[in-house]
S.K.: 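The following block contains the structure, expressed as structure tokens.
So you know, we letter chains A, B, ... as the sequences are listed, proteins then strands, and number each from 1.
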There are 2 protein chains.
Amino acid sequence: MSDSSQPFKEMWINLQTLVNRRLEEALDQSGDCPPILKEAMSYSLSAGGKRLRPILVLLSCEACGGDLETALPAACAIEMVHTYSLIHDDLPAMDDDELRRGLPTSHIKFGEANAILAGDALLTRAFELLANQIEIKSCAAACCVDLANAAGAVGMVGGQVADLESEHLENPSLEILEAIHKRKTGRLICSALTMGARIGGADPATLKNLERYGTCIGLAFQITDDLLDLTGNEEKMGKGVRKDADHGKLTYPSLIGVEESQRRSQKLIEEACLSIAPLGSHGQRLEELAHFILERDH
Amino acid sequence: MSDSSQPFKEMWINLQTLVNRRLEEALDQSGDCPPILKEAMSYSLSAGGKRLRPILVLLSCEACGGDLETALPAACAIEMVHTYSLIHDDLPAMDDDELRRGLPTSHIKFGEANAILAGDALLTRAFELLANQIEIKSCAAACCVDLANAAGAVGMVGGQVADLESEHLENPSLEILEAIHKRKTGRLICSALTMGARIGGADPATLKNLERYGTCIGLAFQITDDLLDLTGNEEKMGKGVRKDADHGKLTYPSLIGVEESQRRSQKLIEEACLSIAPLGSHGQRLEELAHFILERDH
């Protein structure tokens, strides 16, 4: 159990360290596979992400009274899925990015074939972790369904298809933008909350509340991402800023302006906190995390 | 339950029809996703495969005394994984194929980004099917583990990486070739047998026997594939023949000659049948299937 008097940033770093260690173990235990493949998987997994999604899994589990340790497989699984999606999004056929978190992207470093395959392997391994390492098998299966729905055709992958299609739209609307983001980033963040809640033994009402919280912070996260692209610091971001803006990509500020974007993300964070009010003090960390999303600078 | 007096080919067509119908349903139920994505998933799924892997799932389940119907989710899941692997293997960065089963490959038809994403979505949906539709959740989780191990870094994906690497080898050996094939096609075929057996309620000894059967027919299947590439009929194969041979790809005939390849596949089929001898008459269909692999002409 994490110490509730600990400053938020300290707690974050501790959980990050825990997740990083378990991710490394999960790769080491992945058995006999071609060294270049393991290297490519490990390279992208350890490229210094914030670990937002795994930390959400852990905090959601704790907020429901569960033991952090039991949520670690799901925490690692969701980070693997997130990482695979970054590898594939960066490919020449998609966003064609050469830098990610300040480092060469996977296909630049390992070649396109190995990048595609490392992504495939990470996605596959995520489900193996859930199914194998969550001890209550009804819960393991429910988490597989959560993660698959969030990551698949109706979720993240569908969002990426819609995002690529939106580049050719003449009159993009806020509705279209929001529908894309709900799929592309929102649903995966949401599944972090529901998986954590399931593992923590949440009742259906609490599960629903945490899901609502996830939907709100997911959208808020995307809006702040768009804002940081416009106003952020290149060094802290580890990637070029104004990239989306300069490419004429559909973003919140480009559609509704900077101020309205800020107002909207603020409202979403308020709604998120309201959703978890029934959790009382158990929801403290999640509340702090919601505010952190609003105030982050990278 | 299928009728054991039915001719083998008739049974095969019936099971194919059953699988095809369920695959279609599984896609229709996959909810709200961009039409182009659903179209790309459906295009490759319905491109007229033999359905070897799903039929193995169904026959393995029946051989263990299980009800065919209960094995259909796993049958569909494994065909989705097989189809995703074909889509990704055909990509320009990998084998760069423009034809598959006589039709334009996915990236030719839908563009590279959509092809990658359709593959990703099929892989993801496979795990959702297993976790959601297999009723006994301990069995669902075990099947997820089977399929993930067979398809992931230590299995199929690892095999594809090793296969791409082998193109640069100066002195390829039979051991290397066999290790590649065990991963690239063998383990997935093996998982068809173990998933079917689990769902059918097999005891550990029967599970092991069916796994052994799977290993043997998996290798035999690959050898006959190499032989068909050399000697097969282009029209029946739905793809160019001598393609592997002309590209100097590592194949059984190129390493040990045609006759020795034939002898070897025959021996493997004998061993496969021996492994399932303890099943008695329940193993009849699997025995027929093993012989069919040897005698197939496409």
S.K.: Can you check whether B/Thr124 reaches A/Asn149 side chain to side chain, under 4.5 Å on heavy atoms?
M.R.: no
S.K.: Taking everything shown except A/Leu255 itself, do over 12 heavy atoms lie less than 6.0 Å from its CG?
M.R.: yes
S.K.: How far apart are the closest heavy atoms of B/Asp32 and A/Val154, and which atoms are they?
M.R.: O-CG1, 3.6 Å
S.K.: Need one label for A/Leu130: side chain, backbone, both or neither, based on atoms under 4.5 Å from any heavy atom in chain B.
M.R.: neither
S.K.: Which one of B/Leu129, B/Ile36, B/Leu117 has the most heavy-atom pairs closer than 4.5 Å to chain A?
M.R.: B/Leu117
S.K.: Give me the atom names and distance for the closest heavy-atom approach of A/Ala113 to B/Ala93.
M.R.: CB-O, 3.4 Å
S.K.: For B/Leu91, which atoms come within 4.5 Å of any heavy atom of chain A: side chain, backbone, both, or neither?
M.R.: side chain
S.K.: Classify the ring geometry between A/Phe127 and B/Phe127 as parallel (under 30°), tilted (30 to 60°) or perpendicular (over 60°).
M.R.: parallel
S.K.: Under a 4.5 Å heavy-atom cut-off, does chain B meet the side chain of A/Asn114, its backbone, both or neither?
M.R.: side chain
S.K.: Provide the closest heavy-atom pair for A/Cys33 versus B/Arg183 in the form atom of the first, atom of the second, distance.
M.R.: CA-NH2, 3.7 Å
S.K.: Quick check for you: to the nearest 0.5 Å, what is the distance between B/Met94 atom CE and A/Ile116 atom CD1?
M.R.: 4.0 Å
S.K.: What is the minimum heavy-atom distance between A/Ala141 and B/Ala131, and which atoms define it?
M.R.: O-CB, 3.5 Å
S.K.: Heavy-atom count around B/Glu167 CD within 6.0 Å, excluding the residue itself: above 12?
M.R.: yes
S.K.: What closest approach, in Å, do A/Lys137 and B/Ser138 show between heavy atoms, and which atom pair accounts for it?
M.R.: CB-CA, 3.8 Å
S.K.: Please report the shortest heavy-atom distance between B/Gly158 and A/Pro34, naming the atom on each side.
M.R.: O-CG, 3.3 Å
